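Presented below is the structure to which this report refers.
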Amino acid sequence: MKLLTLNVHAWQEENQMEKLEMLARDIASERYDVIALQEVMQSIDAPLVKDNIKKDNYALVLLELVKKLGVEDYDFVWDMAHYGYVTYEEGLAIISRHPITSHESFFVSDLQDMDNWKTRKIVKATISYEGQDIQFFSGHFGWWEDDIEPFKGQFDRLMQYIPEEGLSFIMGDLNNDANVCGEGFDYVKEKGLYDTYELASEKDDGLTIIGSIAGWDDNEAGRRIDYILSSKPVDVLQSSVRFNGKETPVVSDHAGVAVTIKI
């Protein structure tokens, strides 16, 4: 099973369509089984296409480009977390080439004000993979020391939705650096979750942001803040950073994380 998580910084990138096309080509080539995306936006005033999905929903446009490359078996779910950048509905998506048997979204922040960008939601999808149901969660969390919506409370709420039985993957932007002791990354492991990067037989440096970006304005060194976590120990063959300008092009202000897991 191949998984990918990426904070796409949707519709905020220079040369946005070119970057979307590069991401589409990677998906068509790599054939990820499940993809979790964060900062997935659609215009407030765009026409509805289906359910809560509007015409310029980033995930919808992405999969339309993937279909043009001859790959037509992906589906996705999306929900809005809050309004972003004045004119957008910002949310999260899960894309799968296996049947999505159910899905839901839920708040993990105390805030439920859609006009406040610190309001946080999770999108969850149950996906049927080779005869078993696996739970996938796409999330974008607050910072450890945030004075309004700190990470700890949000992650505690998420844990209430992770079933004890079966296998679950939590994928996304945790806004907590793995190399900072005593904060979010250590807290996640205290909760009994497993970091697929640490489990991987083969891995690179894992760094997903380098330099200053929104929310990490003073950042100079590389940081590992995007993760694929597992509720159970799994056999991770490889973990690699994607879209960091090395082997794959930059498509966002974050790089992505891809893992190959033996299920």
Side-chain angles (χ1 to χ4, degrees), residues 1-10 13 19-40 57-67 69 71 73-78 91-98 100 103 122-127 129-130 134-141 167-174 178 194-209 224-230 234-263:
M1 172 184 275
K2 294 178 73 172
L3 307 179
L4 171 71
T5 186
L6 176 65
N7 181 325
V8 295
H9 197 224
E13 289 289 309
K19 291 178 178 179
L20 257 169
E21 289 167 356
M22 291 189 291
L23 178 55
R25 286 196 293 272
D26 184 80
I27 292 171
S29 173
E30 293 295 321
R31 300 291 282 138
Y32 304 104
D33 293 282
V34 180
I35 303 166
L37 303 179
Q38 303 84 44
E39 291 192 22
V40 182
N57 183 287
Y58 180 98
L60 177 65
V61 175
L62 174 62
L63 290 190
E64 288 172 347
L65 293 172
V66 172
K67 286 180 181 178
L69 297 171
V71 177
D73 56 351
Y74 282 104
D75 196 5
F76 79 102
V77 294
W78 174 91
L92 309 107
I94 295 175
I95 297 171
S96 174
R97 67 184 184 92
H98 304 282
I100 300 173
H103 63 91
I122 298 290
V123 168
K124 172 189 175 184
T126 302
I127 292 170
Y129 178 78
E130 296 186 354
I134 304 177
Q135 318 296 321
F136 291 87
F137 300 80
S138 181
H140 186 189
F141 295 85
L167 181 60
S168 299
F169 290 98
I170 299 89
M171 305 164 67
D173 178 357
L174 268 63
Y194 298 85
D195 177 21
T196 57
Y197 177 83
E198 291 189 337
L199 295 175
S201 299
E202 296 182 17
K203 69 188 79 172
D204 50 22
D205 61 18
L207 303 178
T208 58
I209 61 168
R224 186 164 76 90
I225 68 170
D226 299 86
Y227 301 83
I228 298 176
L229 307 171
S230 172
V234 288
D235 186 2
V236 184
L237 306 180
Q238 185 180 44
S239 176
S240 60
V241 175
R242 306 287 290 177
F243 318 116
N244 60 356
K246 296 180 180 179
E247 295 182 5
T248 45
V250 172
V251 299
S252 173
D253 61 352
H254 284 241
V257 177
V259 297
T260 304
I261 299 170
K262 187 176 181 181
I263 299 292

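Values below: all heavy atoms of this structure, side chains included; hydrogens, waters and symmetry mates excluded. Positions are given from 1 along the sequence. Not measured: the values here are computed from a predicted model.
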Audit row: Val251, Leu6, side chain to side chain contact (heavy atoms under 4.5 Å, CB included) steps and yes/no: CA-CA 10 Å; Val251 299; Leu6 176 65; 4.0 Å; yes
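- Remark: of the listed residues Phe136, Tyr74, Tyr129, Tyr129 is the sole one forming a ring pair (Phe, Tyr, Trp, His ring centres under 6.0 Å) with His98.
- Side-chain contact between His9 and His254: absent, with no pair of heavy atoms (C-beta onward) separated by less than 4.5 Å.
- Under a 3.5 Å cut-off, the side chain of Ser138 and the backbone N or O of Leu37 do form a donor-acceptor pair.
- Tyr58 has its side chain within reach of Leu20: a pair of non-hydrogen atoms, C-beta onward, lies under 4.5 Å apart.
- Checked by atom type, the side-chain pair Asp173/Tyr227 shows no donor-acceptor distance below 3.5 Å.
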Worked check of side chain to side chain contact (heavy atoms under 4.5 Å, CB included) between Thr208 and Val257: CA-CA 8 Å; Thr208 58; Val257 177; 3.6 Å; yes
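- Electrostatic pairing of Glu198 and Lys203 does not count as a salt bridge here, judged by no charged N lying under 4.0 Å from a carboxylate O.
- Counting only heavy atoms from C-beta outward, the side chains of Thr260 and Met1 never approach each other to under 4.5 Å.
- A salt bridge is defined here as a Lys NZ or Arg NE, NH1 or NH2 lying under 4.0 Å from an Asp or Glu carboxylate O, and Lys67 with Asp73 fails to meet this definition.
- Residues Gly206 and Arg224 share a closest heavy-atom pair of O-CG, 3.1 Å.
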Steps toward side chain to side chain contact (heavy atoms under 4.5 Å, CB included) verdict (Leu23, Ile27): CA-CA 6 Å; Leu23 178 55; Ile27 292 171; 4.1 Å; yes
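- Judged by the 6.0 Å and 45° rule, Lys124 forms no cation-pi pair with Phe137.
- In this structure a side-chain-to-backbone donor-acceptor pair under 3.5 Å is missing from Asp26 to Ala28.
- Note that the CG atom of Leu62 and the CD atom of Glu21 stand 11.0 Å from one another [nearest 0.5 Å].
- Closest heavy-atom contact between Val250 and Met22: O-CE, 3.8 Å.
- Annotation: side chain to side chain contact (heavy atoms under 4.5 Å, CB included) contacts of Ala59 (sequence neighbours excluded): Val40, Asn57, Phe76, Ala93.
- Interatomic distance, CZ of Arg31 versus CG of Leu4, reported as 13.5 Å (0.5 Å rounding).
- Separation of atoms CD1 (Ile95) and CD1 (Ile100) is listed at 9.0 Å; rounding is to 0.5 Å.
- Separating the CG atom in Asp33 from the CD1 atom in Ile261 is a distance of 9.5 Å, to the nearest 0.5 Å.
- Here the CD atom belonging to Glu13 is positioned 4.0 Å from the NZ atom belonging to Lys19, to the nearest 0.5 angstrom.
- Side-chain atoms of Thr196 come within 3.5 Å of backbone atoms of Ile228 as a donor-acceptor pair (strictly under, hydrogens ignored).
- Using a 4.5 Å heavy-atom threshold, the side chains of Leu92 and Ile122 count as separate.
- In this structure, CG on Leu229 lies 5.5 Å from CD1 on Ile170, to the nearest 0.5 angstrom.
- For the residue pair Thr5 and Gln38, a side-chain donor N or O sits within less than 3.5 Å of a side-chain acceptor on the partner.
- Residues Val123 and His103 have side chains not in contact (no heavy-atom distance under 4.5 Å, counting atoms from C-beta outward).
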From CA spacing to verdict: side chain to side chain contact (heavy atoms under 4.5 Å, CB included), Leu199, Asp235: CA-CA 7 Å; Leu199 295 175; Asp235 186 2; over 6 Å; no
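- The main-chain N or O of Tyr197 is never found under 3.5 Å from a side-chain atom of Ser239 such that the two would form a donor-acceptor pair.
- For Asp204 (side chain) and Val241 (main-chain N/O), a donor-acceptor pair under 3.5 Å exists by modelled atom type.
- What you find for Ala125 and Val77 is that their closest heavy atoms are CB-CG2, 4.3 Å.
- In terms of heavy atoms, Leu207 sits closest to Ala255 at O-CB, 4.4 Å.
- Judged by distance alone, with hydrogens and angles left aside, the side-chain atoms of Ser230 form no donor-acceptor pair with the main-chain N or O of Phe169 at under 3.5 Å.
- Counting only heavy atoms from C-beta outward, the side chains of Val66 and Val71 approach each other to under 4.5 Å.
- Listed for the Arg97 side chain is no donor-acceptor partner under 3.5 Å among the backbone atoms of Val34.
- With hydrogens and angles left out, the side-chain atoms of Arg242 and Tyr32 include a donor and acceptor closer than 3.5 Å.
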